[in-house]
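Right, one structure below, let's go through it.
Not measured: the values here are computed from a predicted model.
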Amino acid sequence: MTREEKFMHEAVLAGLEGIHTNQGGPFGCVVVKDDEIVGRGCNRVLASTDPTAHAEVEAIREACKNLGSFQLTGCELYTTCEPCPMCLGAIYWARPDKVYYACDKNDAAEAGFDDSFIYAEIDKPHHHRKIAMQPMNKEEAQELFGAWKNKNNKTLY
């Protein structure tokens, strides 16, 4: 078994744990740094009643906490399925060096986890999306960006 296969196996075990304990769907993930697992997660959507509690997000949160950093530079992420749009966004914000995945989005769709509608919604103009999106109070909210730009001791991320 290769190093990569070993860590993917750990991601599968995390997903199985989630299934067997009724936490959520069939997804598992581990974050690895220097050949050590620093974050582990399974889908916990049902257990936590949190739609963002996907395996990748759970593993990223744990890894960042364990490493004391909001970035995962120098890390690899092993996930049992190609990341959904939300998890992909979280992965890009966390900035690991590499992502390994087992199943793809077609496998997930076949198992009842089809996120193709989200990809389609992203491409639509705001006023054509299934969930109404109404812009408002832009001028007031822009003050936040001004405050951030003028903040002297900010940490960029």
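- Side-chain N or O atoms of Asp97 include none that pairs as donor or acceptor with a backbone N or O of Glu76 at under 3.5 Å.
- Interatomic distance, Glu139 CD to Met136 CE, rounded to the nearest 0.5 Å: 11.0 Å.
- Just one of Leu72, Val30, Val32, Val31 meets the side chain to side chain contact (heavy atoms under 4.5 Å, CB included) condition when paired with Val38; it is Val31.
- Side-chain N or O atoms of Asp34 include none that pairs as donor or acceptor with a backbone N or O of Glu36 at under 3.5 Å.
- By the side-chain hydrogen bond (donor to acceptor under 3.5 Å, both in side chains) test, Glu62 is found to be paired with no residue, residues two or more places apart in sequence or in another chain being considered.
- Grouping the Ile, Leu, Val, Met, Phe, Trp and Tyr side chains by contacts below 4.5 angstrom, directly or via other members, places Ile122 with Phe117.
- In this structure, NE2 on His9 lies 13.0 Å from OG1 on Thr80, to the nearest 0.5 angstrom.
- Side-chain atoms of Arg44 never come within 3.5 Å of backbone atoms of Gln23 as a donor-acceptor pair (strictly under, hydrogens ignored).
- Between Gly41 and Ala14, the closest heavy-atom pair is O-CB, 3.6 Å.
- Side-chain atoms of Glu82 come within 3.5 Å of backbone atoms of Lys105 as a donor-acceptor pair (strictly under, hydrogens ignored).
- Contact between Thr49 and Pro51 at its shortest, heavy atoms only, is O-CD, 4.0 Å.
- Using modelled atom types, no side-chain atom of Lys98 and backbone atom of Tyr78 make a donor-acceptor pair closer than 3.5 Å.
- Here the CG atom belonging to Asp115 is positioned 10.0 Å from the CG atom belonging to Leu88, to the nearest 0.5 angstrom.
- Under 3.5 Å, the side chains of Asn152 and Lys154 contain no donor-acceptor pair of N or O atoms.
- The two residues Gly18 and Cys42 come nearest to each other via the heavy atoms CA-SG, 3.6 Å.
- Atoms NZ and CZ, on Lys138 and Phe145 in that order, are 9.5 Å from each other to the nearest 0.5 Å.
- Taking the ring pair (Phe, Tyr, Trp, His ring centres under 6.0 Å) definition, one finds that Phe70 meets it with Tyr157, sequence neighbours left out.
- There is a path of hydrophobic side-chain contacts, each under 4.5 Å, that joins Leu67 to Ile60.
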Checklist line | Criterion salt bridge (charged side-chain N to carboxylate O under 4.0 Å, His left out) on Arg3 and Asp35, from CA distance to verdict | finding: CA-CA 8 Å; Arg3 171 190 174 281; Asp35 290 330; 2.3 Å; yes

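- The shortest non-hydrogen separation linking Pro85 to Ile118 is CG-CG2, 3.8 Å.
- Under a cut-off of 6.0 angstrom, the local environment of OH in Tyr101 is sparse, with at most 12 non-hydrogen atoms contributed by other residues, nucleotides or ligands.
- At least one side-chain heavy atom of Cys87 sits less than 4.5 Å from a side-chain heavy atom of Val57.
- One finds the CE atom of Met8 at 11.5 Å from the CD atom of Glu10 (value rounded to the nearest 0.5 Å).
- Side-chain contact between His126 and Pro135 is absent, with no heavy-atom pair separated by less than 4.5 Å.
- Hydrophobic clustering keeps Val12 apart from Phe7 (ILVMFWY residues linked when any side-chain heavy atoms are closer than 4.5 Å, directly or through intermediates).
- Between the side chain of Arg95 and the main chain of Trp93, a donor-acceptor pair closer than 3.5 Å is present.
- Among all heavy-atom pairs drawn from Lys33 and Thr73, the shortest one is NZ-O, 3.2 Å.
- Contacts of Asp123 classified as side-chain hydrogen bond (donor to acceptor under 3.5 Å, both in side chains), with partners at least two apart in sequence or in another chain: none.
- Remark: Gln142 CD is packed, more than 12 non-hydrogen atoms of other residues, nucleotides or ligands lying under 6.0 Å away.
- With values rounded to the nearest 0.5 angstrom, Leu46 atom CG is found 11.0 Å from Ile19 atom CD1.
- Within 6.0 Å of the NZ atom in Lys124, the count of heavy atoms belonging to other residues, nucleotides or ligands exceeds 12.
- The residues Arg40 and Glu17 are annotated as not salt-bridged, no charged nitrogen and carboxylate oxygen being separated by less than 4.0 angstrom.
- In this model, no donor atom of one side chain and acceptor atom of the other lie less than 3.5 Å apart for Ser69 and Gln71.
- Minimum interatomic distance between Cys81 and Ala108 (heavy atoms only, all atoms of both residues): SG-CB, 3.7 Å.
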